[in-house]
2 protein chains.
Amino acid sequence: MAKKKPADPANGSAPAARQVPMREFSRSLPMSLLRAREAVMRQFRPSLRQNGLTEQQWRILRALAAIDAVEVTELARTAFLLGPSLSRILRDLEARHLIERKTAKEDQRRSMVSISEKGVKLMAVVAPTSEAIYAEITRRFGARKLTELQEMLGELEQCLSGLGSVDEAIAEE
Amino acid sequence: MAKKKPADPANGSAPAARQVPMREFSRSLPMSLLRAREAVMRQFRPSLRQNGLTEQQWRILRALAAIDAVEVTELARTAFLLGPSLSRILRDLEARHLIERKTAKEDQRRSMVSISEKGVKLMAVVAPTSEAIYAEITRRFGARKLTELQEMLGELEQCLSGLGSVDEAIAEE
DNA sequence: GAGAGATATTTAACATGTTAAGTGAATTCG
DNA sequence: CGAATTCACTTAACATGTTAAATATCTCTC
């Protein structure tokens, strides 16, 4: 495969065929966040996969490791998963005996979820590698810078969370 | 590598049932990035949805708007989609006549994709609202801070992209 | 110039994201 | 009390993420 593609006349600007006026696509905030996250997750996925876990399943186990038991709704908030996704994943994790479930006595609607012994053992296997990867990322990017980045991300989240959507604010005028 | 395991006994909160030593979950970088991105996308999704577009479909149209025609592989890179996803979405967009496809003459394997007239018109409808939302986000978060954030995200991506995975670097010892 | 390998794209299969609807249990209120 | 409402969770349906395999085409070598 020595052949070069002849074209690609300036990958940045392009001939602009039928240009609709917009920011350059690749520089949009959603894309920046998506690419950054993907770059990070690409580091973790192989290790997780080796242990038969997806990113989301790992999130759930981690969320469960810190507590005794939680209701599904609360877990969804912690692991940042939507109800339906969580519901499916819990079904699977339960079948694999990595978690346990029992309905709450005082409210039959609620289901209390907790990590099982097997789940704890699996975490003990995965955690060291996971932590090592995180440490390496921190080293490469810089610990201070990493903290700074996380603070900015938190602020961004904050300033968009409050009070209705941006969309509404715009519709007002 | 780092053998220093902070152990983190006081993990900030939670009764800590069977604690496996790890960073507090909610402060991990992947979670920060995920939440931030979701906060941003939550602003755009309603408007896109109103126009019958998903986030990814919109990405593709935007990527196509700036150029005359691209091959699928190049488009996948630009829109940051995996091949299989792109393949499905293009099938759909073509059926809706928002894009056009024709196989390249010099290489029958390649398929050249371009946005259609109808696609351009749809973009013209969506773009103003989309830009307004972006402007509002910029206003709330601060233009300078936004630029700074994007730079950091770019650097993060950069420092993780080069040469092999973090995993390999760790396995080395 | 036929076959081995490389390349572009698609299909397959499974897991999750996303919105809407369904189910059963608790709560409210007339 | 009992119908209406709310609540916690699940199912359904469709779109995408993700990896592996299949297809078709092209390129290169012998």
Side-chain angles (χ1 to χ4, degrees), chain A residues 1-5 7 30 34-35 37-50 52-60 69-77 79-96 98-99 101-113, chain B residues 30 34-35 37-39 41-42 44-50 52-60 69-77 79-96 98-99 101-113:
Chain A
M1 51 94 233
K3 262 26 218 289
K4 265 74 257 150
K5 307 97 159 291
L34 180 58
R35 281 200 300 250
R37 189 178 135 78
E38 179 54 30
V40 173
M41 284 314 303
R42 206 193 322 274
Q43 310 299 328
F44 289 99
R45 260 190 281 268
S47 157
L48 292 178
R49 186 174 175 72
Q50 274 192 330
L53 290 175
T54 66
E55 176 194 335
Q56 293 81 357
Q57 293 168 349
W58 178 237
R59 287 221 297 275
I60 291 174
V70 264
E71 357 177 336
V72 174
T73 302
E74 170 67 10
L75 181 56
R77 212 162 36 105
F80 209 71
L81 292 168
L82 294 178
S85 294
L86 182 54
S87 203
R88 280 176 305 213
I89 301 175
L90 288 181
R91 189 210 306 144
D92 177 61
L93 292 180
E94 189 175 24
R96 291 158 67 185
L98 294 173
I99 66 161
R101 253 197 295 201
K102 49 190 169 187
T103 55
K105 304 181 193 71
E106 73 288 1
D107 188 339
Q108 300 287 27
R109 292 172 304 182
R110 287 174 159 74
S111 165
M112 301 306 288
V113 185
Chain B
L34 180 58
R35 281 199 301 249
R37 188 177 136 79
E38 178 53 30
M41 284 315 302
R42 207 194 320 274
F44 290 99
R45 260 190 280 269
S47 158
L48 292 178
R49 187 174 175 72
Q50 273 192 331
L53 289 175
T54 66
E55 175 193 337
Q56 293 82 356
Q57 293 168 348
W58 178 236
R59 285 220 298 275
I60 291 174
V70 265
E71 358 178 332
V72 173
T73 302
E74 169 67 9
L75 181 57
R77 214 163 34 108
F80 208 71
L81 292 168
L82 294 178
S85 295
L86 182 54
S87 201
R88 282 176 304 213
I89 300 175
L90 288 180
R91 189 209 308 146
D92 177 61
L93 292 179
E94 188 175 26
R96 291 159 67 186
L98 293 173
I99 66 161
R101 251 195 299 200
K102 49 190 170 188
T103 55
K105 303 181 194 72
E106 74 286 1
D107 189 339
Q108 300 287 25
R109 292 172 305 181
R110 290 176 158 76
S111 164
M112 301 306 286
V113 185

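Given the structure is predicted, the values throughout are model-derived calculations rather than measurements. Because only heavy atoms are used, hydrogens play no part in the values below, and waters and symmetry mates are left out as well, while side chains stay in.
- Computed from coordinates, the A/Leu90 CG to D/dA8 P distance equals 16 Å when rounded to whole Å.
- Between A/Thr54 and C/dT16 there is a side-chain N or O to OP1 or OP2 distance below 4.0 Å.
- Heavy atoms of A/Leu86 sit nowhere under 4.0 angstrom from any nucleic acid atom.
- No side-chain donor-acceptor contact under 3.5 Å links A/Arg101 to the backbone of A/Ser111.
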**OP:** Determine, step by step, whether A/Met112 and A/Glu71 satisfy the side-chain contact (heavy atoms from CB on, under 4.5 Å) criterion, reporting the C-alpha distance in whole Å, the side-chain angles of both residues, the deciding distance to 0.1 Å, and the verdict.
**Re:** CA-CA 5 Å; A/Met112 301 306 288; A/Glu71 357 177 336; 4.2 Å; yes
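- Rounded to whole Å, the distance from CZ on B/Arg91 to C1' on D/dA15 is 11 Å.
- Here the P atom of nucleotide C/dA8 and the CG atom of B/Leu75 are 14 Å apart, to the nearest Å.
- Annotation for A/Arg59 and A/Phe80: closest pair NH2-O, 3.3 Å, computed over non-hydrogen atoms.
- Of all the heavy atoms in A/Val72 and A/Leu86, the pair that sits closest is O-CD2, 3.3 Å.
- A/Glu38 and A/Arg45 are joined by a salt bridge, as a carboxylate oxygen and a charged side-chain nitrogen come within less than 4.0 angstrom of each other.
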Expected rows: protein N/O vs nucleotides 18-21 of chain C N/O, under 3.5 Å:
unit_1 : atom_1 : unit_2  : atom_2 : d
C/dT18 : OP1    : B/Arg45 : NH1    : 3.0
C/dT18 : OP1    : B/Arg45 : NH2    : 3.4

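- Here the straight-line distance linking atom CD1 of B/Ile89 with atom CG of B/Leu98 works out to 12.5 Å at 0.5 Å rounding.
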Are any protein N/O atoms closer than 3.5 Å to N/O atoms in nucleotides 25-28 of chain C? If there are, list each pair with its distance.
unit_1 : atom_1 : unit_2   : atom_2 : d
C/dA26 : OP1    : A/Gln108 : N      : 2.9

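- In this entry the distance linking CD of B/Glu94 with P of C/dT10 reads 9 Å, nearest Å.
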**OP:** Step by step, work out the side-chain contact (heavy atoms from CB on, under 4.5 Å) result for A/Arg96 and A/Leu93.
**Re:** CA-CA 5 Å; A/Arg96 291 158 67 185; A/Leu93 292 180; 4.2 Å; yes
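- Closest contact between the side chain of B/Arg101 and the listed nucleotides C/dT16, C/dT10, D/dT10 involves C/dT10.
- In this structure, B/Gln57 places its CD atom 8 Å from P of D/dA15, rounding to the nearest Å.
- For the helix from C/dG1-D/dC30 to C/dG30-D/dC1, the rotation axes defined at the first and last 5 base pairs enclose an angle of 10°, given to the nearest 10°.
- A/Leu81 has its CG atom 16 Å from the P atom of D/dG17, to the nearest Å.
- The pair A/Glu94-A/Arg91 does not count as a salt bridge, with every side-chain nitrogen at least 4.0 angstrom from each carboxylate oxygen.
- B/Ile60 places its CD1 atom 12 Å from the C1' atom of D/dA15, with the value rounded to the nearest Å.
- Checking D/dT16, C/dA8, C/dT16 against every side-chain atom of B/Gln56, the shortest atom distance belongs to D/dT16.
- Remark: B/Thr73 is not in phosphate contact with C/dT7, judged by side-chain N or O atoms under 4.0 Å from OP1 or OP2.
- Comparing A/Asp92 and B/Met112 by the nucleotide of DNA chain C whose heavy atom lies nearest to each, the residue mapping closer to the 5' end is B/Met112.
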Original post:
Hey, mind stepping through B/Leu75 and B/Leu90 against side-chain contact (heavy atoms from CB on, under 4.5 Å) and telling me if it holds?
Top reply: CA-CA 11 Å; B/Leu75 181 57; B/Leu90 288 180; 4.1 Å; yes
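- As judged by a 4.0 angstrom heavy-atom cut-off over every strand, A/Ser87 is placed among the base-contacting residues.
- Ionic pairing of A/Asp92 and A/Arg88 is not present here: no N-O contact between side-chain nitrogen and carboxylate oxygen is shorter than 4.0 angstrom.
- Per the geometry, CG belonging to A/Leu48 stands 15 Å off P belonging to C/dA15, to the nearest Å.
- One distance of note links CG of B/Leu34 with CG of A/Leu81; it measures 8.5 Å at 0.5 Å rounding.
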